[in-house]
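Here's the structure, in structure tokens; my notes come after.
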Amino acid sequence: MNAVTVIVLLLLVFSGSGMAGEAPAFDKYFLDATLRIDYFHYGDSQTEAASIDRLYREGPWAGSRRYLLDPFNRGRYAVEIRDVSSGELIFSKGFDSYFGEYRLTDAAARGVARTYHESALIPYPRAAVEFRLLSRDRRNELQPIFRQAIDPASIYIIDEKPAPDVAIFPVVQGGTPAARVDIAVLAEGYTAVEKDTFSRDLQRVVDTFFGQEPYKSLRDHFNITGVYAPSAESRCDEPGRGLFRNTALGATFHSLGSSRYMLTEDNRSYRDLAGTIPYDAVLIMVNHTRYGGGGIYNTFCTFTSENQWFPYLFLHEFGHSFTGLADEYYTSSTAYNDFYLLGLEPLEPNITALLDPDTLKWKHLVAPDTPLPTPWEKEEYDRLDLAYQKIRREMNEEIERLTRSGAPEEKIQAAIAAEDELSAGHSQKIEQFLRNSRRFGQVGAFEGAGYCATGMYRPMLDCIMFSKGAKPYCRVCEAAIVQVIRYYCNEEL
């Protein structure tokens with residue numbers, strides 16, 4: 001069975017899923033342009049509110065024109081646009097946000113309020129609309145937290161030209177933006193003399209991306225464009241190591257207190273840079289050798305360009321940001337409290353609370369003789385991986401101590417090399433351990449997923465969303481990705 005046949009079968013698996021009916025006609029309500037709504041999102045674990053900052057008119061609308069109402073029902077938040085004159089819902093889209101993750105931290109639980117800058121992209125309305133921001137409650141029901149009317153004829157909607165030092169690299173052109181998945185790869189931490197380095201790294205992104213299914217078989221469904229603006233300094237901030245750099249997009253390690261989590265809070269800068277082209281998805285590539293990145297659904301994905309885990313890191317984080325896939329691992333430390341509530345079915349397509357095995361999301365992929373939940377060598381895996389996580393954490397703390405104390409560079413580099421060697425060796429050991437399982441390659445419901453050791457289940461023993469290494473997405477993740485590709489390309493779901 002070839003890859004294209006497999007993808008067609010996977011599409012059949014997920015066909016008909018989604019929460020929305022048929023969307024309104026695009027031309028009736030929208031122009032071929034983009035309205036960017038910048039707003040402030042603020043609060044703590046118990047409260048949240050929003051207020052509009054600025055409005056921007058940007059280039060052609062890159063998103064779906066066939067599915068103006070979100071068919072996927074994913075993300076902790078959603079934007080709704082209603083026509084003022086009729087009250088009709090004419091656009092919606094789910095997403096996750098940096099603020100949404102902050103709400104799950106210890107600081108937010110203590111009542112420490114923070115403000116984050118966010119953006120919503122919508123097709124440019126022909127007439128006045130009402131913008132609504134909705135947030136999910138503890139039962140995953142969307143509740144409105146903010147609404148405001150927007151007049152598309154307002155003189156205060158900004159329509160600016162890009163900065164003169166922005167360079168565009170159109171490396172993959174599969175078709176018009178309205179009928180393709182449009183990916184913007186933004187340069188971060190590349191100085192004026194590192195423009196060629198960005199171009200080289202951009203090609204590695206393309207080669208890696210189209211070396212992985214389902215992207216490989218659907219290459220003609222994509223446009224990929226690099227967008228470069230010079231940074232004053234290379235790399236990015238590393239607060240845990242006492243290192244700070246002046247960069248174009250403000251990316252930083254130690255986001256939300258996790259040493260390897262690398263995000264940016266400078267929403268306006270990255271949106272300004274991405275907005276020089278039509279885009280559906282944003283990748284922020286950071287010129288750095290250290291392992292780190294992150295992916296937030298329908299917001300952005302970040303990754304470093306020069307580390308041994310580059311292919312895994314990029315493809316894993318893109319799975320989060322593009323498709324809303326959950327992390328399937330559960331032994332690594334995170335900055336969150338109760339990311340998933342046990343006893344409540346998660347919205348992500350690739351994990352489940354298995355509250356009712358007969359209604360398992362991917363039950364149609366499970367062989368009749370496969371038990372649910374599916375037994376596996378979990379106790380031995382936990383012993384191996386938790387021991388590694390403890391050593392890795394100690395080694396990273398030592399690297400941070402050496403860097404902050406001004407230790408000799410050769411000593412710092414030796415510590416970094418030792419951690420890299422440990423990581424590579426452990427990954428090989430875990431991959432072999434999983435391959436030796438009699439359940440390897442089977443679809444079931446394997447306990448341990450979504451940062452939860454118990455009460456949450458993943459579809460297969462291994463997947464690029466579960467462990468590091470050169471490996472495929474599992475069958476459930478791949479099917480979900482294909483559906484999102486078809487959504488942006490206005491194809492039948």
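Everything quoted here is computed from the prediction, not taken from an experiment.
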Ion pair [X]/[Y], N-O distance below 4.0 Å:
{"X": "Lys378", "Y": "Asp382", "answer": "yes"}
{"X": "Glu101", "Y": "Arg103", "answer": "no"}
{"X": "Asp266", "Y": "Arg268", "answer": "no"}
{"X": "Asp272", "Y": "Arg36", "answer": "yes"}
{"X": "Arg401", "Y": "Glu398", "answer": "yes"}

Does [X] make a cation-pi contact with [Y], if we ask for NZ or CZ under 6.0 Å from the ring centre and within 45° of the axis?
{"X": "Arg76", "Y": "Phe339", "value": "yes"}
{"X": "Lys468", "Y": "Tyr291", "value": "yes"}
{"X": "Arg458", "Y": "Phe466", "value": "yes"}
{"X": "Arg219", "Y": "Phe210", "value": "yes"}
{"X": "Arg204", "Y": "Phe310", "value": "yes"}

Check whether any side-chain heavy atom of Tyr77 lies under 4.5 Å from a side-chain heavy atom of His41, and answer yes or no. yes
Parallel, tilted or perpendicular, as decided by the 30° and 60° cut-offs, for the rings of Tyr381 and Phe433: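 Plane angle between 30° and 60°, so tilted.
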Tell me which one of Arg235, Glu194, Glu306, Glu188 satisfies side chain to side chain donor-acceptor pair (under 3.5 Å) with Asn287.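 Testing each of Arg235, Glu194, Glu306, Glu188 against Asn287, the sole residue satisfying side chain to side chain donor-acceptor pair (under 3.5 Å) is Glu194.
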